[in-house]
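Reading through the structure tokens given below for one structure.
Worth knowing before you read on, the calculation uses all heavy atoms, side chains too, and leaves out hydrogens, waters and symmetry mates.
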2 protein chains.
Amino acid sequence: MTLPHPTTDQISLPLVLSVLGDPTRLAIVALLARREGGKGRMNCSRFLSLGSKTNLSYHLAKLREAGVTRTEVVGTQRFLTLRREDLDQRFPGLLDSIVAGAELAAIPRLEESVEMA
Amino acid sequence: MTLPHPTTDQISLPLVLSVLGDPTRLAIVALLARREGGKGRMNCSRFLSLGSKTNLSYHLAKLREAGVTRTEVVGTQRFLTLRREDLDQRFPGLLDSIVAGAELAAIPRLEESVEMA
DNA sequence: TCAATTGTTCAATAATCTTTGAACTAAGGG
DNA sequence: CCCTTAGTTCAAAGATTATTGAACAATTGA
């Protein structure tokens with residue numbers, strides 16, 4: 001099973017901006033960015049400190065639909081990654097400046113638990 | 001008379017993003033960016049092709065309150081400028097990448113009329 | 001002073017977006 | 001198989017946002 005994602009050239013700037021204008025979603029992206037290059041993708045439950053399961057499902061769908069994240073279905077889990085290359089190609093510098101700016105605000109530092117995957 | 005503007009360090013990233021997530025406001029910023037360095041500031045009526053007078057008043061207030069634009073009151077007119085230096089200082093690279101991205105979408109090319117001020 | 005120009009405010013409506021709980025699906029593990 | 005885990009879907013409620021027209025205020029030019 002594979003979820004719908006916009007192609008790179010379908011990624012819309014106003015949509016990306018409004019999606020990242022929500023503090024919960026911005027925090028999710030900041031957390032994903034910290035993790036980049038690291039070994040592990042993150043599954044949804046890693047973000048439970050930011051909202052209820054249902055609410056996260058909603059916000060993570062928004063991020064995926066806007067083309068900000070990629071969601072991989074593995075069993076009953078969904079693994080999330082930032083679509084950095086696609087975003088960098090389409091809107092050079094945007095993600096970096098947003099992530100840097102998001103760090104200015106306090107992004108909760110997920111309790112580091114065991115790495116999975 | 002002078003209108004309230006946030007100080008540079010009061011400018012909030014999520015607020016800037018959600019304010020620029022609106023297509024009308026993004027178009028206004030793109031138009032202001034084109035005009036930068038030019039001699040003339042723009043008054044509100046220059047944007048009438050993007051919405052009604054009342055509606056523009058609403059959107060322009062949002063841009064000002066978020067710290068994206070500066071509004072100078074001169075007589076009955078309001079002259080708008082991008083707060084580029086403040087934004088560049090607080091969120092380096094953000095404005096440039098957004099303006100560049102906005103140009104990808106079709107930003108209406110204001111009918112060039114007589115320069116005032 | 002009168003009238004036009006520029007733009008705001010207000011209140012109402014419409015449209016979107018967010019949050020929630022209950023019920024559900026789909027894998028796994030034992 | 002049954003039970004747990006991981007996450008979605010749905011519908012309802014709540015909260016914000018956007019759009020509109022009517023009325024208003026302030027400045028400016030004739």
At what distance, to the nearest 0.5 angstrom, does CG of A/L17 lie from CG of A/L94?
6.0 Å
Would B/R84 and B/E36 pass as an ion pair if we require N to O under 4.0 Å?
yes
Rounded distance in Å - CG (B/L56) to P (D/dT20)
11 Å
With respect to the phosphate group of D/dA6, does any side-chain polar atom (N or O) of A/R46 fall under 4.0 Å of OP1 or OP2?
no
Roughly how many Å is it from CG in B/L50 to P in D/dA18, rounded to a whole number?
15 Å
With a 4.0 Å cut-off on heavy atoms, is A/S45 in touch with a base, just the backbone sugar-phosphate, or nothing at all?
sugar-phosphate
Using whole Å, report how far CG of B/N43 lies from C1' of D/dT28.
14 Å
Would you kindly give the CG-to-P distance between A/L17 and D/dT17, to the nearest whole Å?
16 Å
Test B/F91 against A/L104 for side-chain contact (heavy atoms from CB on, under 4.5 Å), laying out the working first.
CA-CA 9 Å; B/F91 307 120; A/L104 297 182; 4.0 Å; yes
Starting from the first five and the last five pairs of the helix from C/dT1-D/dA30 to C/dG30-D/dC1, work out the angle between the resulting helix axes, to 10 degrees.
20°
Between A/S18 and A/V74, which is nearer to the 5' end of DNA chain C once each is assigned its nearest nucleotide?
A/S18
What is the distance, rounded to the nearest whole Å, between atom CG of A/L15 and atom P of C/dT16?
14 Å
Nearest listed nucleotide, side chain of A/S57, among D/dT8, D/dT19, C/dT18:
D/dT8
Give a yes or no on whether a salt bridge exists between B/D86 and B/R70, defined as a side-chain N under 4.0 angstrom from a carboxylate O.
yes
Please state whether the phosphate of C/dT19, meaning OP1 or OP2, lies under 4.0 angstrom from any side-chain nitrogen or oxygen of A/N55.
yes
What is the separation between atom CD on A/Q77 and atom P on D/dT8, rounded to the nearest whole Å?
11 Å
Would you indicate which nucleotide in D/dC10, C/dT8, D/dA18 comes nearest to any side-chain atom of A/T54?
D/dC10
Let me know, please, whether A/K53 or A/R25 comes out on the 5' side of the other along DNA chain C by nearest nucleotide.
A/R25
For D/dT17, take OP1 and OP2 only and decide whether either is under 4.0 Å from a side-chain N or O of B/H59.
no
Determine whether A/T24 and A/F47 make a side-chain contact, defined as any pair of heavy atoms from C-beta on separated by less than 4.5 Å.
no
Positive for side-chain contact (heavy atoms from CB on, under 4.5 Å) with B/T69, one of B/L63, B/L87, B/L60, B/T81:
B/L63
Return the value, rounded to whole Å, for the distance between atom NZ of A/K62 and atom P of C/dT16.
11 Å
Partner of B/S52 by side-chain contact (heavy atoms from CB on, under 4.5 Å), out of B/N55, B/L50, B/L56
B/N55
May I ask you to evaluate whether A/T76 reaches the phosphate of D/dG7, defined as a side-chain N or O under 4.0 Å from OP1 or OP2?
no
Could you state the atom-to-atom distance from OH of B/Y58 to P of D/dT16 in whole Å?
13 Å
